[in-house]
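For reference, the structure is listed below as structure tokens.
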Amino acid sequence: MPHPIMFADDDPVLARVRAIALAFPEATEKVAHGRPTFRCGKMFAMYGGGTKKTEHRPHEQRNTSVLFIADPAERAALEQDERFYLPAYMASAGWLGLDLTIGTVDWDEVRELVDASYRTIAPKRALALLDEQGEGPSD
């Protein structure tokens with residue numbers, strides 16, 4: 001049984017995330033687990049997620065968020081910021097979520113986080129193309 005679709009294609013926040021993610025060389029979009037995922041071979045970003053239920057916290061849907069592979073050097077600092085959360089099933093693999101409903105969205109920050117995530121998984125040929133672009137894509 002396929003997963004239910006958990007996003008609206010006309011969501012303006014998704015449009016911004018999509019523009020950022022698809023500007024990377026060889027980036028593609030695929031709906032997986034009911035959500036838009038962005039890939040360059042492997043997944044480097046996802047729109048929407050949720051937290052895992054624990055004995056101290058209920059499960060929370062975070063549908064207006066972006067998931068990314070966090071830079072290990074920055075992960076601990078990001079986790080101290082209330083906008084970031086540990087996404088269910090993915091946190092143990094180094095992923096974090098950024099809730100885009102808390103505060104004012106800094107789209108340059110989103111771009112930087114997605115850029116670092118992309119650089120973690122992209123093949124050398126795609127990284128070479130990215131480096132030719134300069135500071136990375138802009139939306």
Side-chain angles (χ1 to χ4, degrees):
M1 170 185 270
H3 287 280
I5 298 299
M6 301 176 75
F7 66 97
D9 205 44
D10 63 350
D11 176 346
V13 178
L14 170 57
R16 292 289 302 265
V17 170
R18 182 179 277 145
I20 290 168
L22 293 178
F24 289 92
E26 301 182 14
T28 61
E29 180 177 349
K30 177 182 177 182
V31 175
H33 306 288
R35 298 187 182 282
T37 65
F38 302 96
R39 302 163 184 259
C40 183
K42 296 179 183 179
M43 185 170 66
F44 66 91
M46 175 184 263
Y47 184 70
T51 61
K52 196 169 187 177
K53 180 182 176 182
T54 69
E55 65 179 273
H56 305 291
R57 180 185 72 226
H59 169 77
E60 295 177 329
Q61 284 297 118
R62 305 272 182 113
N63 292 326
T64 306
S65 65
V66 62
L67 279 56
F68 60 94
I69 304 166
D71 180 332
E74 297 179 2
R75 184 180 173 112
L78 294 174
E79 287 180 21
Q80 301 306 308
D81 186 321
E82 70 174 342
R83 299 171 302 148
F84 293 88
Y85 66 96
L86 299 173
Y89 311 108
M90 299 171 77
S92 62
W95 288 73
L96 284 179
L98 170 58
D99 190 324
L100 301 171
T101 66
I102 299 173
T104 301
V105 177
D106 178 345
W107 290 106
D108 289 333
E109 176 185 43
V110 172
R111 188 176 300 103
E112 289 171 9
L113 295 168
V114 173
D115 179 88
S117 187
Y118 174 88
R119 289 175 186 275
T120 301
I121 63 88
K124 289 180 183 179
R125 71 180 179 280
L127 291 174
L129 292 170
L130 181 61
D131 290 339
E132 287 175 14
Q133 291 178 353
E135 294 184 21
S138 61
D139 65 333

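- Scanning both residues, Q133 and A23, for their nearest heavy atoms gives NE2-O, 4.0 Å.
- The hydrophobic clustering, which links ILVMFWY residues whose side-chain heavy atoms are closer than 4.5 Å, places L78 and V114 together.
- The minimum heavy-atom distance linking H3 with G34 is given by the pair CB-N, 3.6 Å.
- Cluster membership for I20 and I121, using ILVMFWY side-chain heavy atoms within less than 4.5 angstrom, is shared.
- R83 CZ to E109 CD: the interatomic distance, rounded to the nearest 0.5 Å, is 4.0 Å.
- A search for side-chain contact (heavy atoms from CB on, under 4.5 Å) contacts involving E29 returns R18, L22, P36, F38, not counting sequence neighbours.
- L67 and W107 fall within the same hydrophobic cluster, where Ile, Leu, Val, Met, Phe, Trp and Tyr residues are linked whenever their side-chain heavy atoms come under 4.5 Å apart, directly or through other members.
- Considering every non-hydrogen atom in both L100 and V66, the closest pair reads CD1-N, 4.2 Å.
- Residues that satisfy the side-chain contact (heavy atoms from CB on, under 4.5 Å) test with A32, not counting sequence neighbours, are T37, R39.
- Expressed to the nearest 0.5 Å, how far CZ of R111 lies from CZ of R16 amounts to 7.5 Å.
- A distance of 13.0 Å separates CG of L129 from CZ of F24, quoted to the nearest 0.5 Å.
- Here the side chains of L98 and V105 are not in contact, with every heavy-atom distance at 4.5 Å or above.
- To the nearest 0.5 Å, the span separating CD1 on I102 from CZ on F84 amounts to 10.0 Å.
- Distance check, rounded to the nearest 0.5 Å: OG of S65 to CG of L96 gives 11.0 Å.
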List the atom pairs, with distances to 0.1 Å, where a side-chain N or O of residues 41-48 and a protein N or O form a donor-acceptor pair under 3.5 Å, not counting sequence neighbours.
| from | atom 1 | to | atom 2 | distance (Å) |
| --- | --- | --- | --- | --- |
| Y47 | OH | D11 | OD2 | 2.6 |

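- Annotation: side chain of P25 is not in contact with side chain of C40 (no heavy-atom distance under 4.5 Å).
- When every heavy atom of L86 is checked against every heavy atom of R75, the shortest pair comes out as CD2-NH2, 3.3 Å.
- Salt-bridge check for D131 with R119: passed, with a basic side-chain N closer than 4.0 Å to an acidic carboxylate O.
- Across every non-hydrogen atom of D99 and Y85, the tightest pair is N-CE2, 4.1 Å.
- I69 contributes atom CD1, which lies 12.0 Å from atom CG of L113 (distance to the nearest 0.5 angstrom).
- Residues R35 and N63 come closest through the heavy atom pair NH2-OD1, 2.9 Å.
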